[in-house]
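One structure below.
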Amino acid sequence: MTMDHNAFRGHLIVAEGTDGSGKSTAMSLLDSWLTAQGIPVYRTAWNSSSFIKPIMRHVKKKEWLSPAAFSLLHASDFYDRYHRLILPRLEAGYVVLADRWVYTAWVRDTVRGLDLPWVQSLYQGVREPDLAIYFSAPPDVAISRIKHAARELKYYESGQDISGLHDRWASFLWFQEKMRQAYLALADQGILQLFDATLSITDQQKVLRQWLRPILESYWQQSDFFQAPADDTTSSITSIKKGDF
Amino acid sequence: MGRPVRTVAPQWPYVDTYYPGLYVGVDGLDGSGRTTLANELHRQLQSHGYPSVVTGPFPSKKSQTQNTLNKHDRRVGDTSRHLLYASFLAIVMHEVILPHLRAGYIVISDRSWISLYARATAQGLDKNWVTTSLGFALQPDLVIEPAATPLTAARRKLAGAEALDPLESVGGRSQLSGFIAFQEQIQILLAPLRQQLPWHVVEDIKNLDQMARIIHRIEAESEGLPS
């Protein structure tokens, strides 16, 4: 007997937005909320492939990335995580919380001067999210959050490779505003769902949990995700116990 | 003025539209002797007084080492690996090839976009997608290919390496027949490009007359280059 892949349908929830917009904090809290309810969750972040990371760090430090090289290297990172970490979990029925998805590439790479159809073609066939949220926050709010975290801005993060501005914070402000406009255009097209990221963290969670409810109903109707159905004794999933995770 | 910048995707947004140098791609089967030929061309061009430089597929020794660590990890998929190689070519293009072409050099690329395209497509990635992903890459003004059959390429490989590379083989076969099947696939992919681009096949780099003809062709192509 083979495992019924449709018993749990995986769901992909994506958070998009400029740096400092509060995506990571919100995703972390959603992760805790879902996990507490026994819902299987996997979190993934942009630019986090363990294979690509050392190469990414090396070439960024050298400041070698032209817009095309930047785009291709991040696509390489994405596909490593997509095929190896994300798709198997979606197929197995997990909720995947993605801190950035292909829209980050669409926005960043086009702000860097690349053609949108070319960037989109790199990601053709990639699964569309069940919910893609744009965390909308003005650049000055993002800057105050980053300053509060006492974090240094980096060369590419602040867009200094294209802005021509010597001052890193001024460049960051210029770059983030460009990206904000590109994100808002995607929200206008209905590709991203606009979310007010200037709300308090508590109010943000109230809204986000409400948005996630319809998506999660299938999980609440199911029995234990990690428990094989009583008549399915030969399924490979029987060897997985919740405590293993 | 000089030569127009021609990229795989028409009208890729480069700052310059012309360069005074000459871009030579050395492409062909795995194990055919591309690196040996590229270095020999470089040596002979320099001895004729031409400014030339050889570029490889990696932007630095460190990136090559880091890539080698991942190369045979079966967890890394073909798509991710191809995009990584494409990003390396984009770096080399931006940091080395274009600046040298602008300065009037003959740039000899030990593997242009053509070898990346052939390998990724032979590995099973969609041909059109692979071509699009390499849209930024410069079209060589001249392609030089070391002549080889899949079997002679395998013999060369085995002379210089402990074993054949599984990434240059069709899986599920013996090592040699898998390598030969993969190289046959590459030959099929290169065939139409030989008709579309200025292409020269080198039968034997030890044959001085042949090498002299190639140098002559490069000289003709690079007429007006500063020496």
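Per chain, numbering begins at 1; letters A, B, ... match sequence-line order. Computed from a predicted model, the values in this text were never measured in an experiment.
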To the nearest 0.5 Å, what is the distance between [atom1] on [X] and [atom2] on [Y]?
X	Y	atom1	atom2	value
A:L72	B:L134	CG	CG	8.0 Å
B:K62	A:K62	NZ	NZ	7.5 Å
B:F136	A:S71	CZ	OG	10.0 Å
A:L114	B:W12	CG	CH2	5.0 Å
B:S133	A:Q124	OG	CD	10.0 Å
B:L84	A:F51	CG	CZ	11.5 Å

Taking ring pair (Phe, Tyr, Trp, His ring centres under 6.0 Å) as the test, write out the residues that go with A:Y134, two or more places apart.
A:Y183
Pair A:H58-B:S63, side-chain contact (heavy atoms from CB on, under 4.5 Å): steps then yes or no:
CA-CA 7 Å; A:H58 169 59; B:S63 60; 4.1 Å; yes
Counting only N and O atoms by type, is there a donor-acceptor contact under 3.5 Å from the side chain of B:W129 to the main-chain atoms of A:S121?
yes
Main-chain N/O of A:S76 paired with B:S80 side-chain donor or acceptor, under 3.5 Å:
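Indeed, once roles are kept as given, a pair shorter than 3.5 Å links the two residues.
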Take atom NZ in A:K178; do more than 12 heavy atoms of anything else shown fall under 6.0 Å from it?
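No, the 6.0 Å shell around NZ holds no more than 12 heavy atoms from other groups.
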With a 6.0 Å cut-off (strictly less than), is the heavy-atom count around CD of A:E128, excluding the residue itself, greater than 12?
no
Within residues 123-138 of chain B or reaching into it, pairs that qualify as salt bridge (Lys or Arg N to Asp or Glu O under 4.0 Å) - sequence neighbours excluded
none
Within residues 87-99 of chain B, the residues sitting under 4.5 Å from chain A by heavy atom, in sequence order, are B:S87, B:F88, B:A90, B:I91, B:H94, B:E95
When only heavy atoms count and the cut-off is under 4.5 Å, which of residues 26-39 of chain B reach chain A?
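From residues 26-39 of chain B, none sit under 4.5 Å of chain A.
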